[in-house]
Amino acid sequence: MDERTLFDQFHEALDVEPRPGAYERMRYAMTNHPAAAKSQPAFRIRWSKMGLRVAAVLAAAVIAIALGAAILAVHFRPVGSVPAGQDPNVKAYQDMILSDYNAIDAAMKAPNPACNPSEQTPCEAATKTVILAHQKWVRDLNSFRTTPTRFAVIDGQLRRHLNAAITDLNTALALQKAKNLNGYNLAYDAEGYERAWTGPTVFTITGSYPRVAGSYHDALSLARQSLLACSGGGQPGPGDLACRRLYQHCVGADDRTCKGFVETSDAQIQTFLIGLVQNPAPSALAAKDRQVQADLAQVDTYLLAITDALLSGDSAKAGSAEIAYAAAIVVAGADIIAIIGTV
């Protein structure tokens with residue numbers, strides 16, 4: 001049975017509609033578990049079908065634990081939407097975003113061979129097809145005449161993540177040719193995270209991603225609580241532990257583990273930014289809201305810099321990026337605290 005069919009049938013049996021991007025998130029999380037990554041024998045441009053079937057079975061247990069909350073969220077919580085009105089510029093922007101996202105998805109699904117250090121040529125051809133799809137998306141974003149103001153910050157981060165994916169894929173190819181399998185897998189795993197990141201961003205822009213917060217105040221509160229816990233200003237919850245470890249500069253962690261902290265922390269920052277995009281600030285706070293979004297984008301940018309340093313094996317650069325990341329967390333938290341009492 002095809003892995004996507006298995007995923008869809010599981011949700012149909014539960015009478016629960018999966019969130020946009022849920023399959024991609026599950027596929028990335030389950031196939032990039034640290035224990036599984038260590039035993040990965042070869043680099044593949046496509047996911048292993050057997051691995052995905054095992055992942056689907058394991059994911060069923062995880063989904064079942066949160067089933068009650070999921071049903072409530074899907075059936076009773078309003079779906080996040082981005083009112084586009086009749087603005088043709090917004091509609092054109094959303095159509096462009098979705099079209100390029102689908103083009104990359106199609107490139108990833110196209111039949112292509114397995115890749116390993118002894119099969120460089122077919123792997124290079126298949127990977128370059130995906131790189132070209134990413135590059136076209138970046139060109140489309142750069143050439144779009146007027147990015148809607150509401151999406152300006154998250155649009156900037158989308159460009160950075162797409163460029164990071166291009167770098168990851170090129171790095172993976174270079175490391176494959178050098179027969180550096182560990183570095184090769186690390187780079188391709190990093191690209192897999194970038195694909196997982198783009199889904200929620202695209203569906204937020206197009207208006208189909210579920211709300212992550214019920215109001216602008218709630219969106220700010222969610223970010224404040226986690227940022228304070230990350231920086232030592234409160235007791236971290238399970239979801240804040242990766243941020244706290246990264247805030248402490250990945251002390252005692254190897255590169256793969258540290259990269260895991262980076263990706264988990266980045267997913268949090270993405271959630272905070274999505275919450276603000278979905279819940280526009282009152283007009284009186286528009287300028288301060290733009291600053292908070294810029295703060296979160298800066299945190300995200302430093303996280304990308306840490307990943308880049310880990311892939312290049314530059315420990316000094318990684319250390320500098322981690323210091324900058326920690327400082328940006330404090331700045332973002334302070335700016336949120338400064339306005340949260342006014343909403």
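In this chain, residues are counted from 1 in sequence order. What's counted below: heavy atoms across the whole structure, side chains too, no hydrogens, waters or symmetry copies.
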Regarding [X] and [Y], do their side chains bring together a donor and an acceptor under 3.5 Å, going by distance alone?
X      : Y      : answer
Gln270 : Asp266 : no
Gln225 : Asp240 : no
Arg290 : Gln293 : no
Tyr216 : Asp289 : yes
Asn279 : His217 : no
Thr257 : Asp254 : yes

So, taking the atom named [atom1] in [X] and the one named [atom2] in [Y], what distance separates them when rounded to the nearest 0.5 Å?
X      : Y      : atom1 : atom2 : answer
Cys250 : Phe261 : SG    : CZ    : 6.0 Å
Thr127 : Asn170 : OG1   : CG    : 9.5 Å
Gln298 : Leu303 : CD    : CG    : 10.5 Å

TODO: Identify whether the distance between the nearest side-chain nitrogen and carboxylate oxygen of Asp100 and Lys136 falls below 4.0 Å.
DONE: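 Counted as a salt bridge, because a side-chain N and a carboxylate O are separated by less than 4.0 Å.
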Open item on the list: Less than 4.0 angstrom from a charged side-chain N to a carboxylate O is my criterion; do Asp308 and Lys317 meet it?
Closed with: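 A salt bridge links Asp308 with Lys317.
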Open item on the list: Please verify the inter-ring angle class for Trp197 with His161; under 30° counts as parallel, over 60° as perpendicular, anything in between as tilted.
Closed with: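 Parallel, since the angle between the ring planes stays under 30°.
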- [ ] If the plane angle is over 60° it's perpendicular, under 30° parallel, otherwise tilted; pick one for Phe151 and Tyr93.
- [x]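 If you compare the ring of Phe151 with that of Tyr93, the planes turn out parallel.
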TODO: Would you please test Asp87 and Lys91 for salt bridge (charged side-chain N to carboxylate O under 4.0 Å, His left out) and show each step?
DONE: CA-CA 6 Å; Asp87 187 341; Lys91 181 65 166 57; over 6 Å; no
Task: Centroid-centroid distance, Tyr247 to Tyr325, less than 6.0 Å - done: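 No, they do not, as the ring centres are separated by 6.0 Å or more.
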Kindly say whether [Y] contributes a backbone atom to a donor-acceptor pair with the side chain of [X] at under 3.5 angstrom?
X      : Y      : answer
Gln278 : Val212 : yes
Arg244 : Cys230 : yes
Ser208 : Thr204 : no

Kindly indicate whether the side chain of [X], heavy atoms from C-beta on, has any atom under 4.5 Å from the side chain of [Y].
X      : Y      : value
Leu162 : Leu141 : yes
Asp300 : Arg160 : no
Thr201 : Gln157 : no
Glu322 : Cys258 : yes
Glu124 : Lys177 : yes
Ile274 : Arg211 : no

- [ ] Go through Asp155 and Arg159 one step at a time and tell me if the salt bridge (charged side-chain N to carboxylate O under 4.0 Å, His left out) criterion holds.
- [x] CA-CA 6 Å; Asp155 174 278; Arg159 300 176 198 217; 2.6 Å; yes
Open item on the list: If you compare all heavy atoms of Ala309 against all heavy atoms of Ala318, which two are closest, and at what distance to 0.1 Å?
Closed with: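 Answer, listing the atom of Ala309 first, then Ala318: CB-N, 3.4 Å.
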